[in-house]
Amino acid sequence: MLPIERGLEIVMSVAKSRERPDRMPVESVPLRDSLRRILRDDVLSDADSPPFDKAIRDGFAVRVEDLGSIPVVLSVVGESRAGLAADVTVERGQCCEIMTGAPLPAGSNAVVMVENTERVSPNSVRILRGVRENEGLLRRGAEARQGELILRSGRRIGLADLGLLAGNGKSTVLVSAKPSVAVIATGDELVEVEETPKPDQIRNSNSYTICAQVEEAGARPAALGIARDDLDDLRRKICQGLEQDILIVSGGVSVGKYDLVEKVFAEFGVEVLFDKIAMKPGKPTVFGHRGQTYVFGLPGNPISTMVAFHMFVRPLILFLLKAENTAPKVLEAKLEAPAKCDPERAALVPALVRFDGGQYWIRPAPWKGSSDLVGLSRANALIMIPRRSGTLESGQNAQFLLME
Ligand code: AMP
Ligand code: MG
């Protein structure tokens with residue numbers, strides 16, 4: 001059976017071989033809508049930052065040469081406030097009152113914070129502590145020079161980036177357009193969330209988790225509802241789904257008598273590249289493509305679907321978005337309880353992770369298998385247990401994926 005890494009390699013190599021310059025178009029969005037989108041411009045600083053020598057303390061702009069012996073009384077020759085620079089030059093024996101964010105007056109070379117001063121009269125102040133040159137201020141261009149690259153194309157726009165874009169006058173931002181992802185749930189047992197299941201039925205939860213994962217990854221979900229375990233119904237929905245950039249079908253891909261999805265994929269000429277992965281949960285994961293569309297069949301069990309999405313679909317979406325990082329973010333923790341390995345399949349086990357004493361600690365969470373959303377929702381991570389014999393012992397390191 002195909003290891004997870006090999007499966008992911010196949011998905012990515014298909015995506016790379018089919019990459020077209022026009023395939024992932026860009027769009028311009030208002031800055032306020034750009035959080036978590038993938039930037040498609042190299043952004044250069046539009047000015048020196050800060051644009052002038054700037055006080056970073058409230059206090060007095062001084063010449064350090066005047067502070068040879070402390071305390072010393074200096075005469076106050078002006079006030080520089082944020083948004084209103086003082087039109088003075090600080091000469092020997094003088095200083096200028098200054099506020100955080102205000103331009104440093106000519107002649108001065110440090111700012112003494114107000115806490116280290118004592119007002120003697122309206123026009124003079126006693127400096128109680130010395131400062132070094134450039135203390136209490138930031139020189140023009142210290143953060144970035146005009147024209148310097150501050151954000152690279154491919155970056156997923158984070159909170160700080162949003163502020164940086166705002167500070168550089170970008171009221172609109174060029175980002176990747178969102179790929180469209182059709183989502184089909186399958187199963188005769190499924191009813192919609194609004195309905196009350198009969199004794200042999202359950203509610204369709206996968207459409208919700210998958211659509212949410214699609215959105216989180218940066219794509220646009222189109223939920224096509226529930227297809228019954230019936231060839232005609234599957235054909236109708238899959239035909240519709242093949243119009244999108246990516247089609248995800250959940251359920252119906254295992255070896256059961258009514259698992260008909262792969263048969264319908266074949267009828268439509270989907271070229272299937274794998275339909276099993278050495279992964280627990282998530283073994284019957286199917287990947288293929290047809291025309292311009294990438295096609296996934298994800299196992300129906302709720303945890304299996306989510307895990308398979310995270311391992312294979314999310315990296316593909318990020319690649320299509322031209323994101324610089326596509327791989328799942330893997331962290332490392334010390335095991336607080338042993339975890340049994342499986343020589344057949346790598347396992348992703350719901351777990352509880354905590355940060356303590358400078359490192360992560362992790363232990364498997366109680367859960368009842370790949371349908372147990374109760375167990376998964378009480379967990380906050382997935383331990384990645386390698387495919388091999390034996391056991392990972394307490395105290396050993398293990399890799400994990402954080403689930404927020
Ligand atoms: P399947 O892969 O179709 O054999 O389904 C495996 C298990 O997942 C069965 O117990 C299904 O009832 C369950 N399942 C399939 N699709 C969904 C869904 N959309 N929401 C919740 N559970 C599902
Ligand atoms: Mg089914």
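Predicted, not measured: the structure shown is a model, and the values here were computed from it. Atoms within a ligand are numbered from 1 in the order they appear, just like the ligands themselves.
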Under a 4.0 angstrom heavy-atom cut-off, which atoms of ligand 1 come close to [X]?
{"X": "Arg203", "answer": "20 (N), 21 (C)"}
{"X": "Asn204", "answer": "18 (C), 19 (N), 20 (N)"}
{"X": "Ala185", "answer": "19 (N)"}
{"X": "Ile202", "answer": "12 (O), 21 (C), 22 (N), 23 (C)"}
{"X": "Gly252", "answer": "1 (P), 2 (O), 3 (O)"}

Mode of Asp259 contact toward ligand 1 - side chain, backbone, both, neither (heavy atoms, under 4.0 Å):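 The side chain, only.
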Looking only at heavy atoms, is any part of Ser205 under 4.0 Å from ligand 1, and if so is it the side chain, the backbone, or both, or is it neither?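 Near ligand 1, Ser205 shows its backbone as well as its side chain.
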Could [X] and [Y] be called an ion pair, given the rule that one side-chain N must be under 4.0 Å from one carboxylate O?
{"X": "Glu216", "Y": "Arg156", "value": "yes"}
{"X": "Asp42", "Y": "Arg152", "value": "no"}
{"X": "Arg139", "Y": "Asp53", "value": "yes"}
{"X": "Lys322", "Y": "Glu19", "value": "yes"}
{"X": "Glu344", "Y": "Lys280", "value": "no"}
{"X": "Glu97", "Y": "Arg119", "value": "yes"}

Assess the pair Phe287 and Phe312: is the distance between their ring centroids shorter than 6.0 Å?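 When the ring centroids of Phe287 and Phe312 are compared, they turn out to be at least 6.0 Å apart.
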Below 3.5 angstrom, do we get any N/O pair linking [X] and ligand 1?
{"X": "Gly251", "answer": "no"}
{"X": "Leu190", "answer": "no"}
{"X": "Asn206", "answer": "yes"}

Under 4.0 angstrom from ligand 1, any heavy atom of Gly256?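 Flag not set, Gly256 not near ligand 1.
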Can you tell me if Thr186 has a non-hydrogen atom under 4.0 Å from ligand 1?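 Contact present.
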So which heavy atom in the protein is nearest [atom], and how far is it from that ligand atom?
{"atom": "atom 10 (O) of ligand 1", "value": "Asn301 OD1, 4.1 Å"}
{"atom": "atom 9 (C) of ligand 1", "value": "Glu189 OE2, 4.0 Å"}
{"atom": "atom 13 (C) of ligand 1", "value": "Gly300 O, 3.8 Å"}

For Asp259, all residues meeting side-chain contact (heavy atoms from CB on, under 4.5 Å), sequence neighbours excluded: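 Expected list: Ser254.
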Within 45 degrees of the axis of the six-membered ring of Phe274 and under 6.0 Å from its centre: does Arg6 put its NZ or CZ there?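 Judged by the rule (NZ or CZ under 6.0 Å from the ring centre, within 45° of its axis), Arg6 is not positioned above Phe274.
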Taking the side chain as C-beta and beyond, is there a heavy-atom pair between Leu401 and Met384 under 4.5 Å?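 Leu401 vs Met384: side chains touch.
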